[in-house]
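Per chain, numbering begins at 1; letters A, B, ... match sequence-line order.
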2 protein chains.
Amino acid sequence: MPDNRVIAEVLNNAPAIAGGTERVDHKQVVPGRKLEDRDNVLSNAARLFREKGFDKTSLKEIAEACEMLPGSLHYRYSTKEALLVELMRQGVGQVTAEVETARVSSDNPVERLRLCIDAHLRALLVDSDTVYVLLFEWRALTREAREEIIELRDRYESLWAHILAEMIQQGVIRRGVDDRLLRLIGLGALNWVATWFDPEGAYTLDDISEFIWQITLDGVIVEGCAG
Amino acid sequence: MPDNRVIAEVLNNAPAIAGGTERVDHKQVVPGRKLEDRDNVLSNAARLFREKGFDKTSLKEIAEACEMLPGSLHYRYSTKEALLVELMRQGVGQVTAEVETARVSSDNPVERLRLCIDAHLRALLVDSDTVYVLLFEWRALTREAREEIIELRDRYESLWAHILAEMIQQGVIRRGVDDRLLRLIGLGALNWVATWFDPEGAYTLDDISEFIWQITLDGVIVEGCAG
DNA sequence: CACTCATTTGGTTGGTCGACCAACCAAATA
DNA sequence: TATTTGGTTGGTCGACCAACCAAATGAGTG
């Protein structure tokens, strides 16, 4: 993340604030800071939306967090919803990128599934707040915007559908397992983790990932105990 | 179904007077009709909260749905939040009652787990909208009210902790399975179903219940394929 | 019939928020 | 030096809503 900021800085030819040759202090220094701010606005908004919810977060608060005035925010995102939509686009992009990367990083179908589960969890729990907002604030969208985001989400889920279909074809998934239900239930189990996960808590991301993987392999009931 | 409602009512009885100026307790004055009206307000509110979200639903709309004026609503629930809290109390009561009933209806620990999974799903998917609102609108609560609801939710989850602990003790759950993680992940998988379930859709409640049960028994990966 | 108290009515009030804009400015460009 | 571009400022405006209340209603009781 800090790397990105440096890159953005370079791309903008932004003058480094070093040395004493520049006029010191006071706000409106660093004028050409486009890209950095764009990221900054979205991540600040994501954090606030996650903490307080979309409706309970005012544009004024977001602007304050970004150290700008409400009017400046309006210049960039004409409506509050446009800001949310952009946020969600970024969220889908992030999780898609993580899982896609995981998918192509192994030839073994079983290993691949494990990596993808891990990737989804990572995007959801450590990457940022955008994926969380994507999952839990879709109701704030109007019908139109919602359809766009659902389209993007469906594209992401079709990535999973692909992964699972391949495993079924190769016979590594138990016969008779409905792939669509598996996708829905599986992603559900993963997504819900975001509601209780605590980075400082008793379970690390790897603990959770490993636990889910054990269930995927063997379930939880001792053989021969089935009623 | 009506039986469960009575049980829920009983379970909720304890903290009813906590508010002091609380007007929700109408004693036995005209017992039949008052309760009916009260349910009516809560179920209408639950439906609207589920459809549009808490923040986007105005008291005027709720009043209209109940065929009364906003002032009348205010007489019953002094604040919008008080209405939501009452709703959530009822939601916890419902799901607790369903699962408790399922728990005591079988002696076989494995069969019992299956019944409880089914009960949780039923409360979540068919009983009403209150459980859905309970799960997805807790952020609308202020700190104080949230703590009360979390306390109730914890009591419900301890019911599950009991069920699972017993199974572990009896050795029907695979050794080494962390019971707390199992509860969190398991309930998560169940809860998320509420986000996509469609009563008119391809999968019935029984389909879903059965599917989850199969995974619980055996996982999804064919034996010997583990990477 | 009169009394009373729970409940409803219909409307006000104070406050917040999203959207919008005209003036402004600093750097880039020509 | 003159003009354009990209972005900020600070404030206004209309809409809406939760909370509140004084007066009216009406059902049960003595």
**Student:** Are A/Arg50 and A/Glu137 packed together at the side-chain level, in the sense that at least one heavy-atom pair is separated by less than 4.5 angstrom?
**Tutor:** no
**Student:** If I take atom CD in residue A/Glu64 and atom P in nucleotide D/dT9, what distance separates them, rounded to the nearest angstrom?
**Tutor:** 13 Å
**Student:** From the set D/dG6, C/dT9, D/dG10, return the single nucleotide nearest to any side-chain atom of B/Leu69.
**Tutor:** C/dT9
**Student:** If the condition is ring pair (Phe, Tyr, Trp, His ring centres under 6.0 Å), which residues does B/Phe136 pass it with, not counting sequence neighbours?
**Tutor:** A/Trp192, B/Tyr132
**Student:** For residues B/His120 and B/Asn191, determine if any side-chain heavy atom of one lies less than 4.5 Å from a side-chain heavy atom of the other.
**Tutor:** yes
**Student:** Both A/Ser72 and A/Lys56 contact DNA chain C. Which one's nearest nucleotide lies toward the 5' end?
**Tutor:** A/Lys56
**Student:** Polar atom pairs between nucleotides 18-20 of chain D and protein, under 3.5 Å, N or O only, would you list them?
**Tutor:**
residue	atom	partner	partner atom	Å
D/dA18	OP1	B/Thr57	O	3.4
D/dA18	OP1	B/Lys80	NZ	2.9
D/dA18	OP2	B/Leu59	N	2.9
D/dA19	OP2	B/Lys80	N	2.9

**Student:** So does B/Arg139 pair up with A/Glu51, basic N to acidic O under 4.0 Å?
**Tutor:** no
**Student:** Whole-Å distance between C/dT16 P and A/Glu61 CD?
**Tutor:** 12 Å
**Student:** Looking at side-chain heavy atoms only, is the closest gap between B/Leu42 and B/Tyr77 below 4.5 Å?
**Tutor:** yes
**Student:** Hey, is A/Arg114 close enough to A/Glu210 for a salt bridge, meaning N to O under 4.0 Å?
**Tutor:** yes
**Student:** Of the nucleotides D/dT9, D/dG6, C/dT8, which one has an atom closest to the side chain of B/Arg76?
**Tutor:** C/dT8
